[in-house]
Number of protein chains: 2
Amino acid sequence: MVNYSTSEENYLKAIYRLNGAEATVSTNDLAQELQTKPASVTDMMKKLKAKKLLHYQPYQGFRLTAEGTKVALGIIRRHRLWEFFLAEKLRFTWDEVHEVAEDLEHVCNKKLIDRLDEYLGFPRVDPHGDPIPDMNGKMEVSKKICLSDLPLNSTAQVISVSDHSSDILELLEHMHIHIGTRLEVRKRFSFDDSMEIKAGRQAAFTISRQLSETIFVHFV
Amino acid sequence: MVNYSTSEENYLKAIYRLNGAEATVSTNDLAQELQTKPASVTDMMKKLKAKKLLHYQPYQGFRLTAEGTKVALGIIRRHRLWEFFLAEKLRFTWDEVHEVAEDLEHVCNKKLIDRLDEYLGFPRVDPHGDPIPDMNGKMEVSKKICLSDLPLNSTAQVISVSDHSSDILELLEHMHIHIGTRLEVRKRFSFDDSMEIKAGRQAAFTISRQLSETIFVHFV
DNA sequence: AAAATAATTTAGACAAATCTAAATCATTAT
DNA sequence: ATAATGATTTAGATTTGTCTAAATTATTTT
């Protein structure tokens, strides 16, 4: 079991995140994601290639190797378990957990993380609804669709929210929408792409396009 | 509120620890304590002096300023709270907590630590019996004496153990001696400096000089 | 297909934290 | 008081991660 620096870990995590969208990640995208310069990215890519954590040929973009993916999932596991801990045990709100977990995730001790997992009751999703990889790096990938794409009158359940700011938290709290809330779309208004939804036992209400594009659901 | 590097924090913590014994700490002692070289210590001392965390004139040793002491106590607070968490919530044993806490202590977020403190019920001592500084850096300094110096037939309570290895843990577990155990010395044997003690409601038994010199107690 | 533009890499520099080896200062013993 | 010894500092090098500016490669446009 090799250990990686905080910097290496942040690069791996970012590549994993971006890799979802495209097959290969570009230097500029990664620089943007990590708030750094393209030249720094190139330097690090050489290093991670030498450690066999990613495939990389100059000018051709890069993608994680199987080993790189395993390492990235380990980091994501740590991050999301700490987020769960912070929200569940220390009463942190949604928008506060990420920043603290960014630091805690780099404390890499298998026993610590596995015991924390057990202590928390083996949670399967973090406070934003994102799945937590298990001890073996397995992660539930439920087929999630954007609320804005949900067909009319089909029931779905909120599984995640792609924006983690306090602004959206405030709005969701006000509307009593949480991870796990069941809802259905009653009507769409093409004027502004707003939609009327019914959530839980509440009366129907409308939400904006910005909001519906941020909420992800799955069918139940 | 300034942030310090992991390295700076480790130096400050080590100086605080050594400072207890002598008024001023020497380059070699600190190098020994941190498993590094004297030249590295001198470099860091210049840096910490520039940051007004310690008093230092070349060749004269060094000691923490008021600010340096405050920072050191903050690190010790974090370390000991995490040790308590690991032992109490994650079922780590005594000898396992230190190493993990060495990493966790460098995650510096006031809200995290204060909430953790609250969650743990504001513990006053860590699993080895060492006092935990509170939010303001105040720490209970009970007058502790070495068990080997305890007068005959006076009752005392175990408050800490200066060795944190698994070997001593095994022995103490076997003898049912823990932090908080009440005991008294019945007899001393000058042949090998062993002593007969009575702990709790157990029958009296003898302990070696090595052990009695490692256990610290206070009168009750 | 060549020119213009965008993306990426290279070259060279810097700060932090460390090291070794040499030089300097302080202390101790004669 | 001076030589020997030990402690400490300085000088110069190394590694990691970063940067800027210049050079190179890829892509797009005409």
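Below, each value reflects all heavy atoms present in this structure, side chains not excepted, and no hydrogens, waters or symmetry copies. A, B, ... follow the sequence lines: proteins, then strands. Residue 1 opens every chain.
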A:Ala39 or A:Thr6, whichever maps to the more 5' nucleotide of DNA chain D: A:Thr6
Partners passing side-chain hydrogen bond (donor to acceptor under 3.5 Å, both in side chains) against A:Lys111 (at least two apart in sequence or in another chain): B:Glu96
Look at the side chain of [X] and decide which nucleotide, out of [options], has an atom nearest to it.
X	options	result
B:Pro38	D:dT10, D:dC19, D:dT9	D:dT9
A:Gln60	D:dA26, C:dT20, D:dT8	D:dA26
B:Asn28	D:dT8, D:dT9, C:dT10	D:dT8
A:Tyr59	C:dT9, C:dT18, C:dT10	C:dT9
B:Met44	D:dT8, D:dT18, C:dT18	C:dT18
A:Lys37	D:dC19, C:dT18, C:dA26	D:dC19

Counting any heavy atom closer than 4.0 Å, what does [X] reach on the DNA or RNA strands: base, sugar-phosphate only, or nothing?
X	answer
B:Ser7	sugar-phosphate
A:Thr27	sugar-phosphate
A:Pro58	sugar-phosphate
A:Phe62	nothing

A:Asn10 versus A:Ser7, side-chain donor and acceptor atoms under 3.5 Å: no
Pair B:Asn28, B:Ser26: side-chain N/O donor-acceptor within cut-off below 3.5 Å: no
Can you tell me if [X] touches the phosphate of [N], counting only side-chain N or O atoms and a distance under 4.0 Å to OP1 or OP2?
X	N	value
A:Tyr56	C:dT9	yes
B:Lys46	D:dT9	no
B:Thr42	D:dT9	yes
A:Thr36	D:dC19	yes

Axial cation check for A:Tyr119 ring with B:Lys89, 6.0 Å and 45° limits: no
Chi angles and distances behind the side-chain hydrogen bond (donor to acceptor under 3.5 Å, both in side chains) call for B:Ser165, B:Asp167: CA-CA 5 Å; B:Ser165 70; B:Asp167 291 341; 4.9 Å; no
For atom [atom1] of [X] and atom [atom2] of [N], their distance in whole Å:
X	N	atom1	atom2	result
B:Leu48	C:dA16	CG	C1'	13 Å
A:Tyr11	D:dT18	OH	C1'	8 Å
B:Met45	D:dA7	CE	C1'	15 Å
B:Leu34	C:dT18	CG	P	9 Å
A:Gln57	C:dA7	CD	C1'	17 Å
A:Gln35	D:dT18	CD	P	13 Å
B:Leu30	D:dT8	CG	C1'	13 Å
B:Gln32	D:dG6	CD	P	16 Å

Kindly list each side-chain donor-acceptor pair under 3.5 angstrom involving residues 70-83 of chain A, sequence neighbours excluded, with atom names and distances?
from, atom 1, to, atom 2, distance (Å)
A:Arg77, NH1, A:Asp117, OD2, 3.0
A:Arg77, NH1, A:Pro133, O, 3.0
A:Arg77, NH2, A:Asp114, OD1, 2.8
A:Arg77, NH2, A:Asp117, OD2, 3.1
A:Arg78, NE, A:Glu105, O, 2.6
A:Arg78, NH2, A:Glu9, OE1, 3.2
A:Arg78, NH2, A:Glu9, OE2, 2.9
A:Arg78, NH2, A:Glu105, O, 3.2
A:His79, ND1, A:Glu102, OE2, 3.4
A:His79, ND1, A:Glu105, OE1, 2.8
A:His79, NE2, A:Glu83, OE2, 2.8
A:His79, NE2, A:His98, ND1, 3.1
A:Arg80, NH1, A:Pro131, O, 2.7
A:Glu83, OE1, A:His128, ND1, 3.3
A:Glu83, OE2, A:His98, ND1, 3.4

